[in-house]
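Okay, so here's the structure we're looking at.
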Amino acid sequence: MQKKANILLIYTGGTIGMVKDYETGALKAFNFEELLRHIPELTQLDCNIQSVSFDTPIDSSNMNLEYWAEIVTIIKSNYEKHDGFVVLHGSDTMSYSASALSFMLENLSKPVIFTGSQLPIGDLRTDAKENLITSIQIASLQENGRPVIQEVGLYFEYKLYRGNRTTKINAEHFEAFNSPNHPPLIESGVNLKVHYPYLLQLSKNKSKLNVHKKMDENVAILKLFPGISESLVTAVLRTPNLKVLILETYGAGNAPTEIWFIDLLENAIKNGLHIINVTQCSGGSVIMGHYETSKKLSQIQLIDGKDITTEAALTKAMYLLGSNISGTLFKTVFETSLRGEMH
Ligand code: ASN
C-alpha cells in the first residue's frame, strides 16, 4: 500500500485568507488558523497536512525578492520531510512568484503548487475551497512511489498549469489565469486527468535540489506603444544600474524602425545592457527577422524571448543576473529553455 503523502501548506496571504476590515471596508489578510477553521474538509483528505505561515500574511501586491527567498527557504528546509508543497498566494502576482520559484528551485523533483482564490474562504460563493483541496490532492499524487508533478505548478479553477507559463488574465472571473503557450498539465473534472506528455521530465542525472536565493532586481519592463518618445526610452535606458530590459514589442516581436530608436538600443547593448524581445500579445511567439520591423533588432543582438511570458522573462533575468552568469553567455542561456518556460 502506498504511504500517505506528507504535504506542507505555505500560507503567504492573498484574498483566500482575507476578511473585511469593518472600519475601511477593504479586504486585508488575516491569520492562518482562521483560514484552516473555514475548511474542515481538509481533515478528510488522505494525506498528512502540515502548515507554516508568513508571520504577517501579505496582499500579493507587496510581493518582493525577500519573500521569494523566504518561500524557497521554507521549501528547502522541509524538502526531505515532505512529498509536496502547496503555496497559498494572492492571485495578483502569483504568476510572477510561480515563475520566480521555478528558476530558484533547480532540479526540483517534487510538486510545488501555487493556488489562491478570487473570493475569501469565508465567502458563501468562494472558489477557495475547490482550489485549495484539489491543489493538495495534486500535490499528493504519486505513481510508483514518485510524485507525478515534479515542477512548479499553478492551480486555479479546475486547471493545473506550468507556473512559469501562466499569466493573470481576469480580475473578475473565477477563471483568472491562462497559459496561452502551453496546455494544462492536469484538468479537474469528475476525475483528475493528467496530461503526461506536457509534464516536465526530470533530467536523468537525478541531481539534488539546488536552491538559488540570489535574484537581482536591476531589471525593467518597457512596453512599446505608438508614439513612444525618444525622451521616455532614453530615461528608461538611463536607469541607474539597469542590467536587463524586457522590451514588450508588437506581434511577432516587431518594433519601430526609426533610427533614433534603433540607435538608442544598439548603444545600450554595446554598453552591456541585455535587451530581451518579448511580445505584448498574450499568446504566440516572437519570430526575430520574420518582418522587416524585427530584422534590425536581431542584427543589434536583442535577445530572442520566443514565446516566454513577461513574468517568466523578468524572473529568469533576475535569476540569471543573480547567478553572475557572464555577459557573453547571458544571451545563449536566456534563449535556452531551463524549466520549460519557452519552446
Ligand atoms: N489582491 C489579492 C492578492 O493578490 C488578489 C487575490 O488574491 N485574488 O493578494
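Atoms within each ligand, like the ligands themselves, are counted from 1 in listed order.
The cationic group of Lys110 does not satisfy the cation-pi geometry with Phe85, failing either the under 6.0 Å distance to the six-membered ring centre or the 45° limit from the ring axis.
The protein heavy atom nearest to atom 8 (N) of ligand 1 is Ser91 OG, 2.7 Å.
Note: no N/O pair closer than 3.5 Å links Ser61 and ligand 1 by distance alone. Any N or O atom pair closer than 3.5 Å counts here, and Asp92 shares at least one such pair with ligand 1. The shortest N or O to N or O distance between Ser60 and ligand 1 is below 3.5 Å.
For ligand 1, the atoms lying closer than 4.0 Å to a non-hydrogen atom of Gly90 are 3 (C), 4 (O), 7 (O), 9 (O). For ligand 1, the atoms closer than 4.0 angstrom to any heavy atom of Gln118 are 8 (N).
Between His182 and Tyr198, the angle of the ring planes goes over 60°, which puts this pair in the perpendicular group of the 30/60° scheme. The aromatic rings of Phe103 and Tyr319 sit parallel, their planes meeting at an angle under 30°, below the 60° perpendicular limit.
If you check each of Thr15, Thr93, Ile58 against atom 5 (C) of ligand 1, the one with the closest non-hydrogen atom is Thr15.
Here the CD1 atom belonging to Ile113 is positioned 5.0 Å from the CG atom belonging to Leu160, to the nearest 0.5 angstrom.
Residue-level proximity to ligand 1 for Ser117 is carried by the backbone, the only part with a heavy atom below 4.0 angstrom.
Ionic pairing of Glu266 and Lys296 is not present here: no N-O contact between side-chain nitrogen and carboxylate oxygen is shorter than 4.0 angstrom.
Around CZ of Phe54, the count of heavy atoms belonging to other residues, nucleotides or ligands within 6.0 Å exceeds 12.
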